[in-house]
There are 2 protein chains.
Amino acid sequence: MANTKETSTNKQNKISIADCNVTYSVQLVGGRWKLPILMQLQKEKKRFGELKKIISNITERMLTLQLRELEKDGLVSRMVYAEVPPRVEYELTKTGKELMPVCKELHKWGAKHKMELSKK
Amino acid sequence: MANTKETSTNKQNKISIADCNVTYSVQLVGGRWKLPILMQLQKEKKRFGELKKIISNITERMLTLQLRELEKDGLVSRMVYAEVPPRVEYELTKTGKELMPVCKELHKWGAKHKMELSKK
DNA sequence: GCCATTACTTACATTTTTGTATGTACCATA
DNA sequence: TATGGTACATACAAAAATGTAAGTAATGGC
């Protein structure tokens, strides 16, 4: 996430593979906590602390990191209110919202797949 | 990929997060080379060597590892012909094929998203 | 006997991701 | 002056994913 070596084969492969829009899309939501975050923001915007409470086991560090990436990638917007103690709200962007129907399809596929696996 | 420590927080989180079918699905195709492989098998089955040739930059090791996981997860089937030199063919399973329409949606979303980003 | 071909395997190194623990700024209130 | 709440940041450690380099088995053809 942080501190990537720009010249590594690893990094170069990651970049070149994202030429494909499917791979690109999956990379955007591939971080461990990104989908859990997006799901929580689906219905309404939420504060940092709310996300932390709802998403069990996530640490503040990971929540921050993943939110920053989602923001950089244009899936989530961040609103800071000049208050003390601070208040920061996160919300899906238009692009983020447009991803939700695709998630629904993934959900369907995953559910069906899990069921079929369990039969064996 | 190989050698995971069963008791690590990391692993435990990975597992618990897959309760959600969306996250579960994304995990199945999340490996670096899995989507490139799946895309290649979309139209027709292919031999190990063909995949290696077509997917530029993939190493034999990574191709093997990712194919093994795709097989274990029921997305790809493996057929070994008792010949020398060996011939092994890989093919999408029913489940794998059913994922393709979802990939198409992801593709659309990714393409649109990329376009919008490039405007800024 | 030697070589070529194919689909791997193995040992190891590097890079990336994730987790742990602790510290910070801000100001209102006690 | 001390305390509490919020949303972080930072240094470090562990784990996981990926990459590199070399080797293997099998057999048909030279």
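Model, not experiment: these values are computed from the prediction. Every chain is numbered from 1, with letters handed out A, B, ... down the list of sequences.
Distance alone, capped at 3.5 Å, places no donor-acceptor pair between the A:Glu89 side chain and the A:Met79 backbone.
Ion pairing between A:Glu105 and A:Lys108 holds under the 4.0 Å rule for side-chain N and carboxylate O.
Nearest-nucleotide positions on DNA chain C place A:Lys14 closer to the 5' end than the other of A:Pro86 and A:Lys14. Across the interface with DNA chain C, nearest-nucleotide mapping of B:Val84 and A:Arg32 shows B:Val84 to be the residue nearer the 5′ end. Nucleotides of DNA chain D nearest to B:Gly30 and A:Glu89 differ in position, and the one nearer the 5' end is that of A:Glu89.
Residue contacts for B:Tyr90: at a heavy-atom cut-off of 4.0 Å it reaches the sugar-phosphate backbone alone, with no base atom in range. Residue contacts for A:Thr64: at a heavy-atom cut-off of 4.0 Å it reaches the sugar-phosphate backbone alone, with no base atom in range.
In this structure, A:Arg68 reaches the D:dA9 phosphate: one of its side-chain N or O atoms is under 4.0 Å from OP1 or OP2.
Remark: C1' of D:dA16 and CD of B:Gln66 are 13 Å apart, rounded to the nearest angstrom. When rounded to the nearest whole Å, the span between CH2 of A:Trp33 and C1' of C:dT18 equals 9 Å. Between the CG atom of B:Asn57 and the C1' atom of D:dG19 there is a distance of 11 Å, given to the nearest Å. The separation between A:Asn10 atom CG and C:dT15 atom P is 9 Å, rounded to whole Å. To the nearest angstrom, C1' of C:dT16 lies 11 Å from CD of A:Glu69. In this structure, CE of A:Met62 is placed 13 Å from C1' of D:dA14, rounded to the nearest angstrom. Between the C1' atom of D:dA7 and the NZ atom of A:Lys52 lies a distance of 9 Å, rounded to the nearest Å. Counting to the nearest Å, the C1' atom of C:dA7 and the NZ atom of B:Lys53 are 13 Å from each other.
Distance from the side chain of B:Pro85 is smallest to C:dT5 among D:dG19, C:dG19, C:dT5. For B:Arg61, the side-chain atoms get nearest to D:dG19 when compared with the rest of D:dC12, D:dG19, C:dA7. In the set C:dT18, D:dG19, D:dA9, the nucleotide with an atom closest to the side chain of A:Asn13 is D:dG19. The side chain of B:Ser8 sits closest to D:dA15 out of D:dA15, D:dA9, D:dG19.
The CZ atom of B:Arg47 sits 12.5 Å away from atom CD1 of B:Ile54, with the distance rounded to the nearest 0.5 Å. In this structure, CE in A:Met39 is found 11.0 Å from CD1 in A:Ile55, a value given to the nearest 0.5 Å.
Within 3.5 Å, no donor on the side chain of A:Arg47 pairs with an acceptor on the base of D:dT6, nor the reverse.
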Stepwise side chain to side chain contact (heavy atoms under 4.5 Å, CB included) check, B:Leu67 with B:Phe48:
CA-CA 9 Å; B:Leu67 280 169; B:Phe48 183 88; 3.9 Å; yes
